[in-house]
K.L.:
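Please find one structure pasted underneath; my questions will follow.
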Amino acid sequence: MKIGVVGGGLSGFALAYRLAKRGHSVTVVEQAAQPGGLATWQDHGDFEFDRYYHVVLPTDRELIGFIQDLGLGSKLRWATSLTGFFVDRKVYSVSNALEFLRFKPLSLWSKARLAFTILYCSRVSNWQRLESITVEDWLIKLSGRSTYEKLWRPLLLAKLGENYKRVSAVFIWTYIKRMFSARDSSASREQMGHVEGGYKTVFTKLIEEIQGSGGQLMLDTSVHAVSPAGSGEEGIRLETSAGDLDFDKVVFTGPVNVLEKVADPSLVSVENSGSNVEYLGVQCMALITRQPLTPFYVLNVADERIPFTGVIGMSSIVDTAETGGHYLTYLPRYMLSTDALMQQPEEEIQAEFLAGLRLIYPDLSDSDIVSSRVYRAFKVQPLQVLGFSSLIPSTDTNHDSFFVLNTAQFVKNTLNNNEVVRAVDSFLEQHKDVFH
């Protein structure tokens, strides 16, 4: 079968790879000049790095299995990761139970309640009831007001800004549940993994496998319209900037708002277009330095003076041999995609972030900085407000040759690459009679 896949992010490529392995001729059509979406990369000259930070957790079974299927299992690297907090203008390590007990900003009782919150949250399975409780009320109830004001509220402000007041407890539940799974069986260490060379390695292999099976990749190609191929025909036609393309089947993996613009109404109906769904965007500064900034994979920042969410020390788990002997650190700031700050000039963001970084690391000198770049993504994940699941769009395809696969239905999971692979495999299982 000749199959078109619209969208060249991980979901589109994972799907194309699975279909190519089943003997189909697959064409991936991607608007950007480089594939990957949120998993794309930056060429630094002597090495490439992911534009946004990614890790593999030990419980990411679908993603690990996918990496192994690609023949990249030997490229998967694991490291013990450390966690820290910047609070009360001081850096604290909380990477094990003993350090947690010594964590001075919280009383012993507050620590006990915080530990209970994380353990309880990791074991909650009925997420629906959390949709009606604000994250603030839920955390105060579990952790106590003192712990909330000292720790949780600054973290929520850093991650969501004032929007945290409208967010349900599902938000923190999804985050804790995923990160808690990084603990090994002894519950004393955190394990994080990555593919050597980052997602450039993964996509290079995907392209090689798809093209080796007779498929092709069309980059820098916009889809203007999707319609039935013609009267009495079962196929689907893509009208693109490179000309018209006809396929036996088409799978659309782009956002719902794009789907509504380009798809003929005879192909799909969208219930609740998602116009009420607000999205978080991110500004992510990638900093390459000659010296390490932090021993932690994540330094959580609980300080309202600091403009970014945390300090992500990628070189704590990625060997510097992969990054030209230099150290890679990410500084993310999340906000609504409609926030005017998303349009802030890169020079202003860099100056603001570096000033904030020096509040944590005052010894950082300009000579230590090799380069800094700011990347922006406008739709990282939906803002999980109260009753969020009732707001998300649902799509019903009305044509036997047209299918939709996207991340709009992620209501009880953070958007991560393990969930993307899981969604692809679930889609293929659901339509196994079509794509056999």
K.L.:
Is it true that Thr204 and Thr201 share a donor-acceptor pair across their side chains at a distance under 3.5 Å?
P.N.:
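Looking only at side-chain atoms, Thr204 and Thr201 do not form any donor-acceptor pair under 3.5 Å.
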
K.L.:
Would you say the ring centroid of Phe85 lies under 6.0 angstrom from that of Phe103?
P.N.:
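Yes, the ring of Phe85 comes within the 6.0 Å limit of the ring of Phe103, centre to centre.
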
K.L.:
Report yes or no: do Thr221 and Glu30 form a side-chain donor-acceptor pair below 3.5 Å?
P.N.:
no

K.L.:
Under 4.0 Å between a Lys/Arg side-chain N and an Asp/Glu carboxylate O for Asp366 and Arg358?
P.N.:
yes

K.L.:
Under a 4.0 Å threshold between the charged nitrogen and the carboxylate oxygen, would Asp425 count as salt-bridged to Arg18?
P.N.:
yes

K.L.:
Less than 4.0 angstrom from a charged side-chain N to a carboxylate O is my criterion; do Arg153 and Glu304 meet it?
P.N.:
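Result for this pair is yes, salt bridge flagged.
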
K.L.:
Could you verify whether a donor N or O on one side chain and an acceptor N or O on the other, from Gln384 and Ser168, lie under 3.5 Å apart?
P.N.:
no

K.L.:
Strictly by ring pair (Phe, Tyr, Trp, His ring centres under 6.0 Å), give each pair with a member in residues 323-357 just once, sequence neighbours left out.
P.N.:
Tyr53-Tyr330, Phe308-Phe353

K.L.:
Would Tyr92 and Arg102 count as having a side-chain donor-acceptor pair, cut-off 3.5 Å?
P.N.:
no

K.L.:
Is a side-chain donor-acceptor pair under 3.5 Å present for Trp152 with Ser143?
P.N.:
yes

K.L.:
Is Lys21 paired with Glu209 through a side-chain N to carboxylate O contact shorter than 4.0 Å?
P.N.:
yes

K.L.:
With ring pair (Phe, Tyr, Trp, His ring centres under 6.0 Å) as the rule and sequence neighbours excluded, what pairs involving residues 357-382 come up?
P.N.:
none

K.L.:
Quick one: do Asp88 and Lys90 make a salt bridge, cutoff under 4.0 Å?
P.N.:
no

K.L.:
Quick test of your reading of the model: are Glu352 and Arg333 salt-bridged, counting only N-O distances below 4.0 Å?
P.N.:
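Counted as a salt bridge, because a side-chain N and a carboxylate O are separated by less than 4.0 Å.
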
K.L.:
Any heavy-atom pair between the side chains of Asn300 and Phe86 that's under 4.5 Å?
P.N.:
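A side-chain contact is absent here, since even the closest heavy-atom pair is not under 4.5 Å.
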
